[in-house]
Number of protein chains: 2
Amino acid sequence: MVELAQELGVSTATVSRALNGSPSVRPELAQRIRDHAEARGYVANRLARALSANVSRAFVGCVIPYVDTPAYSAVVAECARLLSADGTQMILTITENDPERELQQLKELVASRVAGMIIAPSTHILDASKQLLSALPVVEFHRACGIDAPGVFSADEHAMAEAVLHLAALGHTRIGYLGTTEKLSNGPVRLRGLRRGVELAGLDLDGLPMRLLEPTKSNGQRGAAELLDLDRPPTALIVGGGALSIGAAQEVRERRIQVPSELSLVVYGDPSWFALSDPPLSRITVSYEDLARRAARLLISRLEGRQSTRAGDGAGADDVQLVPAELHIGGSTAPLAARQG
Amino acid sequence: MVELAQELGVSTATVSRALNGSPSVRPELAQRIRDHAEARGYVANRLARALSANVSRAFVGCVIPYVDTPAYSAVVAECARLLSADGTQMILTITENDPERELQQLKELVASRVAGMIIAPSTHILDASKQLLSALPVVEFHRACGIDAPGVFSADEHAMAEAVLHLAALGHTRIGYLGTTEKLSNGPVRLRGLRRGVELAGLDLDGLPMRLLEPTKSNGQRGAAELLDLDRPPTALIVGGGALSIGAAQEVRERRIQVPSELSLVVYGDPSWFALSDPPLSRITVSYEDLARRAARLLISRLEGRQSTRAGDGAGADDVQLVPAELHIGGSTAPLAARQG
DNA sequence: GTGAAAGCGCTAACAC
DNA sequence: GTGTTAGCGCTTTCAC
């Protein structure tokens with residue numbers, strides 16, 4: 001940059017102003033400087049810029065447990081898109097649901113002076129992590145960890161209740177549930193929906209076979225196996241969780257259980273193949289695209305808010321958005337009678 | 001940091017050395033400094049560090065067309081994992097296959113002084129982009145763009161030929177091919193495999209219905225539709241591309257075409273549901289985990305090489321690794337006779 | 001409207 | 001071993 005200045009016979013300050021589009025430099029000169037910079041193939045050093053202008057939007061952090069599932073990759077994609085248009089770069093870190101790793105990564109993001117973060121917290125987030133998060137503009141999604149921040153979540157309760165009622169209406173009374181552990185924020189939500197459905201259907205919750213596990217594919221397989229191995233296995237199974245659903249579907253398939261004649265199945269999540277599978281699975285879906293868009297926008301507005309008002313922690317959890325989950329009836333749920341037929 | 005130094009009555013240089021584990025500081029002092037820093041909740045500024053130590057491994061760039069497909073997300077996940085262990089942060093950018101956007105993002109990564117990049121080039125990469133890439137330690141994967149850099153690719157030729165021979169052995173002669181455009185590096189490779197299979201099977205290539213398209217899901221749907229709408233539609237269809245396969249499978253399903261009795265289908269890629277679908281699809285798979293691991297390791301070794309040797313452009317394309325694709329026979333391919341039966 | 005100079009937070013010579 | 005000092009490449013007062 002100092003070279004540019006010399007070659008043009010101006011000061012570095014002027015170059016800086018021209019490149020940043022400051023109005024206080026003669027338009028003609030500014031253009032000349034920009035052209036010369038372009039011609040020379042000059043690329044400003046973001047690091048120096050961020051260091052100098054002590055507050056910057058050079059980077060934001062994106063912290064997720066996994067990237068290979070649509071629930072998270074949609075948010076990654078959307079953030080990358082919007083932030084890129086904003087001139088901000090996204091540092092992606094993957095926790096694999098390990099709280100220690102999460103804390104470590106949060107520290108490093110703070111060290112990089114990220115302007116903000118978007119995070120799907122790990123299952124057992126550490127207090128130290130929460131503390132780091134509370135000092136920055138943060139948006140959380142999918143999972144809430146009890147910090148004072150805006151977020152975007154799926155509203156599963158209603159669809160869960162509907163799923164129970166749907167099965168009950170088909171004559172099922174032994175309905176199994178495979179869901180995420182209550183330690184995750186969405187575990188209790190889905191369970192609440194299930195309870196409500198059970199209640200409305202006049203069934204007995206205590207009698208229902210149930211497994212609550214950490215949301216992984218292998219747990220889905222394990223949980224489904226356990227439920228199916230019961231003395232009196234359920235005639236219908238509701239899975240409340242994306243990864244769990246994939247595992248459960250796999251287990252059912254491997255056991256060559258006929259769906260829906262031997263077992264009615266309701267899965268959770270949006271992989272396109274749920275609809276493509278044969279029969280198309282009855283499923284509870286959330287528009288991850290919608291959720292992602294909201295989350296990304298929220299983050300950007302938070303960044304802007306912070307910049308102007310410096311409101312800091314005040315601008316807290318007032319903006320929590322919910323994306324409703326919906327029950328889609330496919331061909332994997334059928335009247336109980338069909339089982340004996 | 002200057003505060004830390006004052007509080008401990010030492011110089012900032014000593015603090016810096018202690019924090020970086022320099023051997024030239026008394027161990028006891030070093031520990032005291034680290035403890036104090038910890039207690040004060042001090043986090044070093046990576047930006048300043050990277051700016052000062054003029055060469056740094058603070059950041060690397062990861063540039064991919066999409067993130068919601070296992071071919072790319074696997075690499076993202078693996079890089080994030082390995083780099084994180086390495087103390088390096090990954091800046092992720094998504095090109096959506098747009099060359100302009102790609103160039104823009106590469107510029108910004110250079111501006112952030114990334115230590116290196118890992119990239120799956122967009123379809124029509126610009127010369128300016130190549131030029132930027134040639135100045136850095138770069139690893140490419142999935143697609144080659146003709147720069148002098150190591151890379152990891154799938155070796156599809158053999159499996160493609162096998163697929164043709166498999167179908168030919170089942171009696172099919174009108175075999176359709178839906179593949180990626182020849183402008184992508186893997187388009188010609190797969191086509192070459194196809195040609196070889198056709199030749200070995202004693203079929204006539206010119207007679208084969210074929211569509212070569214940009215690899216997107218919607219193109220998969222469109223291409224399949226076009227092939228199926230031909231006056232004499234193929235009795236077997238090979239799809240050479242992950243996204244194309246999903247679209248094609250969708251189209252076939254929507255048309256309620258019976259597989260394999262009405263159409264034999266070979267898809268490409270590794271989504272778990274290909275195997276779970278009914279019937280399980282015959283497919284050409286690549287171990288994306290393996291590919292990802294190799295790519296990530298290659299990047300890290302490139303970073304280290306650069307640091308010590310400063311060999312620069314010399315350390316070029318000498319390290320190209322291939323991960324073999326494999327044909328798995330599922331239930332979606334059957335003898336031609338079955339069609340009339 | 002433009003230049004000179006101070007400084008962002010750190011590292012790396014170089015002295016002692 | 002440790003302190004002093006000069007930068008890294010920018011932005012941003014403050015003068016002019």
Side-chain angles (χ1 to χ4, degrees), chain A residues 1-34 36-37 40-59 87-89 107-115 307, chain B residues 1-34 36-37 40-59 87-89 107-115 307-308 310:
Chain A
M1 175 159 145
V2 74
E3 289 179 27
L4 285 186
Q6 281 173 350
E7 289 162 17
L8 288 163
V10 297
S11 76
T12 61
T14 306
V15 174
S16 169
R17 284 192 271 252
L19 262 32
N20 291 323
S22 157
S24 67
V25 57
R26 202 152 25 92
E28 164 220 318
L29 211 202
Q31 194 54 51
R32 203 153 59 87
I33 294 177
R34 277 193 289 264
H36 186 70
R40 284 277 316 250
Y42 167 83
V43 273
N45 187 327
R46 282 173 86 94
L47 273 40
R49 177 175 298 186
L51 180 59
S52 178
N54 212 346
V55 50
S56 98
R57 285 210 281 168
F59 303 108
T88 300
Q89 289 178 334
K107 273 188 192 159
E108 302 237 329
L109 287 173
V110 170
S112 293
R113 298 297 186 267
V114 292
Q307 207 166 32
Chain B
M1 175 161 143
V2 73
E3 288 178 27
L4 286 186
Q6 281 173 351
E7 290 163 16
L8 289 163
V10 297
S11 76
T12 62
T14 306
V15 174
S16 170
R17 285 191 273 253
L19 262 31
N20 291 322
S22 158
S24 67
V25 56
R26 198 151 30 88
E28 163 220 320
L29 213 202
Q31 194 53 52
R32 202 154 58 88
I33 293 177
R34 277 193 288 266
H36 187 70
R40 283 278 316 250
Y42 166 83
V43 273
N45 187 329
R46 281 174 87 94
L47 272 40
R49 177 174 299 187
L51 181 60
S52 177
N54 212 348
V55 50
S56 98
R57 285 211 276 168
F59 302 107
T88 300
Q89 289 178 334
K107 272 188 192 160
E108 302 237 328
L109 287 173
V110 170
S112 293
R113 299 296 186 268
V114 292
Q307 207 164 34
S308 55
R310 307 214 110 238

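Letters A, B, ... mirror the listed sequences (proteins, then strands); counts begin at 1. Keep in mind that what you see is a predicted model, and the values were worked out from it rather than measured.
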Please report the distance, rounded to the nearest Å, between [atom1] in [X] and [atom2] in [N].
X: A:Glu3; N: D:dC8; atom1: CD; atom2: C1'; answer: 14 Å
X: B:Leu47; N: D:dC10; atom1: CG; atom2: P; answer: 13 Å
X: B:Leu51; N: D:dG9; atom1: CG; atom2: C1'; answer: 6 Å
X: A:Arg57; N: D:dC10; atom1: CZ; atom2: P; answer: 21 Å
X: A:Gln6; N: D:dC10; atom1: CD; atom2: C1'; answer: 16 Å
X: B:Asn45; N: C:dC8; atom1: CG; atom2: P; answer: 12 Å
X: A:Leu8; N: C:dT2; atom1: CG; atom2: P; answer: 12 Å

Please name the pair of heavy atoms, one in [X] and one in [Y], separated by the smallest distance, quoted to 0.1 Å.
X: B:Val25; Y: B:Ala30; value: CG1-CB, 3.9 Å
X: A:Leu51; Y: B:Asn45; value: CD1-ND2, 4.0 Å
X: B:Ala50; Y: B:Ser56; value: CB-OG, 3.5 Å
X: A:Met1; Y: A:Val15; value: CG-CG1, 4.1 Å

Should we count CD of B:Glu7 as having more than 12 external heavy atoms under 6.0 Å?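 More than 12 within 6.0 Å, yes.
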Quick check: are there more than 12 heavy atoms from other residues, nucleotides or ligands sitting under 6.0 Å from CD of A:Gln31? yes
Quick one: is C:dG9 close enough that its OP1 or OP2 comes under 4.0 Å of any side-chain N or O from A:Asn54?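 For A:Asn54, the contact criterion (side-chain N or O under 4.0 Å from OP1 or OP2 of C:dG9) is met.
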Donor-acceptor pair (no angle test) under 3.5 Å: [X] side chain, [N] base:
X: A:Arg17; N: C:dG3; result: yes
X: B:Thr12; N: D:dG3; result: no
X: A:Thr14; N: C:dG1; result: no

Which is true for [X] with a 4.0 Å heavy-atom rule: it touches a base, it touches only sugar-phosphate, or it touches nothing?
X: A:Ala50; answer: nothing
X: B:Val10; answer: sugar-phosphate
X: B:Ala13; answer: base
X: B:Arg46; answer: nothing

What's the angle between the local helix axes at either end of the helix from C:dG1-D:dC16 to C:dC16-D:dG1, using five pairs per end and rounding to 10 degrees?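 One end axis against the other gives 30°.
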So which of residues 23-34 of chain A are in contact with DNA chain D, with a heavy-atom cut-off of under 4.0 Å?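 Correct list: empty, so none.
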Identify which nucleotide among C:dA12, C:dG3, D:dC10 has an atom closest to any side-chain atom of A:Tyr42, counting heavy atoms from C-beta outward. D:dC10
Nearest of C:dT11, D:dT12, C:dG7 to any side-chain atom of A:Ser52?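 Of all the options, the side chain of A:Ser52 is nearest to C:dG7.
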Within-4.5 Å side-chain heavy-atom neighbours: B:Arg46 and A:Leu47: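 No - every pair of side-chain heavy atoms lies 4.5 Å or more apart.
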Checking A:Arg34 now: which residues fulfil salt bridge (Lys or Arg N to Asp or Glu O under 4.0 Å) with it, not counting sequence neighbours?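 A:Arg34 satisfies salt bridge (Lys or Arg N to Asp or Glu O under 4.0 Å) with no residue once adjacent residues are dropped.
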